[in-house]
Structure formats: C-alpha cells, structure tokens
Amino acid sequence: MIALRQVTFARAGRPLVVDASVQLHTGWKVGVVGANGCGKSSLFALLANELHAESGDVELPASWHIARVTQETPALPDAALDFVLDGDLELRRVERELAAAEERGDGVAIGLLHARYGEIDGYSAKARAAEVLHGLGFKDADFTRPVAEFSGGWRVRLNLARALSCRADLLLLDEPTNHLDLDAVFWLESWLKSTPATLLLISHDRDFLDAVVGQILSIDLQRISLTTGGYSDYERARAARLAVQQSAFEAQQRQIAHLSTYIARFRAKATKARQAQSRIKTLERMEMVAAAHVDSPFHFSFREPSALPDPLLTIDRAAAGYGERRILENINLTLRPGCRIGLLGRNGAGKSTLVKLLAGSIQQQGGERKEAKALNIGYFAQHQLEQLRPDESPLQHLARLEPTVPEQELRDYIGGFDFRGDMAMRAIEPFSGGEKSRLALALLIRTKPNLLLLDEPTNHLDLEMREALTFALQDYEGGVVFVSHDRHLLRTCADELLLVADGKVTEFEGDLDDYASWLAAQRNAEKAAEPDVAAEKNERLQVRADAKANRQAILAQRRPLLKEIEQLERKLGKWNEEKAALEVSFADPEFYTTVDRAKSEEMHKQAALLGEQIDEAEMRWLEVHEALEALPAVD
C-alpha cells in the first residue's frame, strides 16, 4: 500500500501540495490528473524518492521495485533489445553473477543462480521484451539496431518498453501515449489492464484513462482528492460541483449544436449510420463534459479565413513516397470548406506521408493537384516546435507575424492560450513541450488558414487545452484533415474517416469501435498468414534456454563429484606411498634388530590404519564414479 499522511511538498520553494493524506492499495490502477504545474510529476518524484517532502510521511513497501519512463535517452550504442532488458536490474545482476560463478567453477553458486533465474522468468525475458517492442510498433529488424539510430519519438517508445519489461511492483507512467499511434495505444491499453503491478498514470487522453484506471487522483488548489471510477466519472463529479457556479454553458451549446447538425445530416445515411450513433452517445454525456471544463484557462477560436473557395484542394490519381520508394498509390481526394477528415491506419502505413503530400511538403508523384487560388494551408506537425525561436517570447513570436497590430490585441489573443502576464514576455527556451505546442498552435491559427492539416496536434497538450481545441474546431469554417491518437478528438471532430492501409487511401465506413475491431482482425490475419513463425522462434529460444539450463544443472552436479574424485585420488596416492614404505621396512630383517618393540608396534598400527583408510577411500571412489556415470552425458 502507498500512504501519504499530511504530506506537503514543493518545487523551488513553491508549495505544490499542502497537508495531503491519501491511501492507494496494492494492484490499484490510478489516473493522476490536474493542471500543468500542479505537481503531478513532482508526486512521481516524491514516490521515487527523488524529491523529499517538506513535512508529513510517505510510506510504500521498501522491497518494491519502481519503474518510470525517463524523458531523455542518450545516443547509446546498445542494441534496442538489450537496452530494454537492461531495465530489469535483477535479471542483469543474476546474469552477471552466473557468468562469474561459471568462470570460477562454483557449482553450488551456479545451481542457486539458475534456480533464481528460473524464478524471475529469465529464460523467457527476451521473448517478453520482444512482445512489448512489437506492441509498441517496433519490427524484428529494429531489435539489433543501436539506440543512437532511433529518432527522439522512437527513443521515448524504447524508454516505455524498458519500463514495461522490468517486472516492476509500481509503475509510474507520465504521458505514455505521447508519440504513439492509435494501434500502439490500443495495445498499451490492453497491456496495462492486465499487468498485476500497481499503476499511477498521468495522461491527457480521457478514453485511455477510462479504459485503464479504476481511481482518479486529482491535484487541484494544492489539495489531493481521490475519486472512484474512470476519468468520465471524475469529470461528472467535478461538473456537478462546478455547475452551481456556472451561469451558462456556451461552449457546451456550440458542441451540442455541431453534433446535432451532424446527426441530422447523416442519421439516415447508411454509410454514416454508425458514426451518427457514435455522435449520439457523445451528445448524451456532453452536458457533464462541458460543465467540467467551464473554468478552463484556454479560450480561443479560429479567425475567419479571408476566403473559402470550393473546392480548396483536389488530388487526382496521385502517388506519394520518398525517392523511388512509393508509400501510397492512386490517391483521390477533394477537400472542401467544412470537411472534417480523420485519418486512420497502422504505424508506418502512410498517414503522415499523406498529410505531407496535402501540405506540399513532399513532391507529388504522378497524377494532378489542383489548388484554389486563395488556398491558405495551416500545417501543424511536431517539427513545428523546432522552428520556434528559443530566445524569444510568445508575444515576440506573434508580433513578428503582425507587426502593425496593437500589443494589447496580441496579448488578448495569446492570453487565450494561457500565456498571460509575465509568461507572455518570457523566452520560450525553458517552456515545456505542452507550452511550446500551444504556442505553435496559436501562431498557426493566427494566420487565418482555410485548410488545416494537423499531424498529432494533441501531443503534450493537457486535457483542458484539448477540450479548447475541440471546441474551436467545431466553429472553424475551413477544411480539416488530421491524424490523432486521441479518440475523443476523433469522435467529436471527424465527420469522415479515411483508412490508410496497403498503399491506398479509402473511406472507412464505421466508427472507432469498428476500427479497433479492424486492427484486431489485421493482427489475427498476420498471425494466420505466418502461423507458427513467432511461436517456433520463441520455442527454439526456449528449447535452447532449457538445454543450457539443463546442461548447467548437470555440470553443477558433476563438478563436486569430479572434485571429490580428484581429492580421493590424491589421498590414495599419498597413503599408498606411505603404506608401501612401511611394508618395505617390515620386509627388511634388520628392521627387527634395529627398531625397538614400541616403535615397531606403532609403525604396524600406522600401516593397519593406512590400510583401512585406503579401503574406505577406494570404496568411496567407486561410489562417486558410479554416481558420475549415472548422470547424463554433456555435449
């Protein structure tokens, strides 16, 4: 059990939580929520003994192994699979000690270490780590690649794989779905639900929290509160508290109007019926959702585009790829004002490639591209953050776009993204990933685009900012094409879903539940196409591991027997020499005239004793040899 008793902790002298008491039981899966800077990550540091409480007691079992996902990974030469296995400290310790015991021939230590290795499932550790890596989107060929060869996002996945593979008692996961696609999010969701470890999870993905956790720990106004249920249950409870303070649900009404319009348009259309039903379910809980976010610090909307030509962009019979390698073929798309298109597809299928093609970031291969004269594309991708100027403030970034606009107007606008007061004037270099993402979105929106292309726009954004973005997209009059692993954003903002798979872009007739089923069918089909490849590989690895363990166990039994035989043979050689020397003396006639009687009796007793010792040793030598021959042969 984890217990906080009247705990106060702070960062840089600023109190984050004051006089908090809470108990979390073993095996619980707890979502940790709260505004940016409220102390969520500091709570993790407190539990990991990296931060000390100002007052109060923090208790958790001393024997627990705690696993966290580190934010940085050096450019290591280690192979990816070895890097993941290194996270299991006991596994690596036993392996090192076993190698040392084998080198010095310590049979007892070898036997004990092999027993412990089996207890911690060391023989199947590689297979388990490979399963985690596959689930997070890595291919077999990636296992031997050095960590240094992977990009930043993929190194984050390696860190996550390392944490998941180390048999931890307590898992502290901070935004584990960042840098994952929807396929990997579904897999991680399933893995976390089945793990026996106690889990504390910081996430801004409401659907992910609802699926995984059974309790929500909220940090708000320097207090900690615990709510039973998933994030939706917490949101309803919070909404009930806030509703009494609320005079109107303006943001709620906009979203309800958008959903109602969609339902009215597509309810009777067969190909859209499932999506319409999904929107009806969303609408049923919309009152509570909107109420829970009434006090959000983020309030912004898209500026009205200067023009809305129809169509905005037409792609006909196009292909996309890199160099001579084609990723997508025969792409046919017409993007119009008001379109809301969500892209689905497995990792590596070409979703980001399609967005880059639409943005004009990569050259179209074949076919036709027709752009409206007034087309103004707003393209958001993760590399947008790299284009920000670290030595400039949010206000300076905005003033560069519109140097003639009054400063107060720019301050009002940037304040809608929670860059207020001094923060609007600070250099952005020390800003968090979420703060930089907010600034990049603010700059993009300010350009008044009529076609938005968004590639994972919610990475690093907290729940309040995600809701603000969702509401803003409802009122946006231009066209939108986006990729996101945030199912809430997809459900509430996408009027049409396109599936990117097998080199093609096709309409997906269904909702996200259908997509989850499609993913499961794809995985099953892959297993059926190669029925026993993975199983055979794992079986071969297990057979080799078992054979090695068996060989080591036999050697561990043989070594003491061989050592005893060696010792017996040395003793027999020495004793036989001594007995033979005595017998030579006894055979000499002068012995009895030159040696007195007492000495003669003593030497005869010594000879008799040596004879008994030799007989016993020879008998034991025969027994040990029989035991040795009874053991299986070792290749």
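The figures here come from the full heavy-atom set of this structure, side chains too, leaving out hydrogens, waters and symmetry mates. Throughout, residue positions are numbered sequentially from 1 according to the sequence presented.
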Pairwise salt bridge (Lys or Arg N to Asp or Glu O under 4.0 Å) hits with a residue in residues 342-367, at least two apart:
Asp183-Arg346, Arg346-Glu526
Might you confirm whether atom CG of Asp502 has over 12 heavy atoms from other residues, nucleotides or ligands at distances under 6.0 Å?
no
Might you confirm whether atom CG of Asp391 has over 12 heavy atoms from other residues, nucleotides or ligands at distances under 6.0 Å?
yes
In terms of relative ring orientation, are Tyr515 and Phe508 parallel, tilted or perpendicular, with 30° and 60° separating the classes?
perpendicular
Salt bridge (charged side-chain N to carboxylate O under 4.0 Å, His left out) involving Asp310 - partner list, sequence neighbours excluded:
Arg336
Of all residues at least two apart in sequence or in a different chain, which pass the side chain to side chain contact (heavy atoms under 4.5 Å, CB included) check with Glu131?
none
Not counting sequence neighbours, which residues clear salt bridge (charged side-chain N to carboxylate O under 4.0 Å, His left out) with Glu409? List them please.
Arg446
Residue pairs fulfilling salt bridge (Lys or Arg N to Asp or Glu O under 4.0 Å) with at least one residue in residues 423-435, sequence neighbours excluded
none
Apply ring-ring contact (aromatic ring centres under 6.0 Å, His included) to His485 and list each qualifying residue two or more places apart in sequence or on a separate chain.
none
Residues at least two apart in sequence or cross-chain that pass side chain to side chain contact (heavy atoms under 4.5 Å, CB included) with Lys448, listed by chain then number, are Arg303, Ser306
Considering residues at least two apart in sequence or located in another chain, which fulfil the salt bridge (charged side-chain N to carboxylate O under 4.0 Å, His left out) criterion with Arg369?
Glu371
Of all residues at least two apart in sequence or in a different chain, which pass the side chain to side chain contact (heavy atoms under 4.5 Å, CB included) check with Asp142?
Phe138, Lys139, Arg145, Phe150
Partners passing ring-ring contact (aromatic ring centres under 6.0 Å, His included) against Phe186 (at least two apart in sequence or in another chain):
none
Using the side chain to side chain contact (heavy atoms under 4.5 Å, CB included) criterion, which residues pair with Ile327? Sequence neighbours excluded.
Tyr322, Arg325, Thr353
Test of understanding: with salt bridge (charged side-chain N to carboxylate O under 4.0 Å, His left out), list the residues that count as partners of Glu189, not counting sequence neighbours.
Arg487
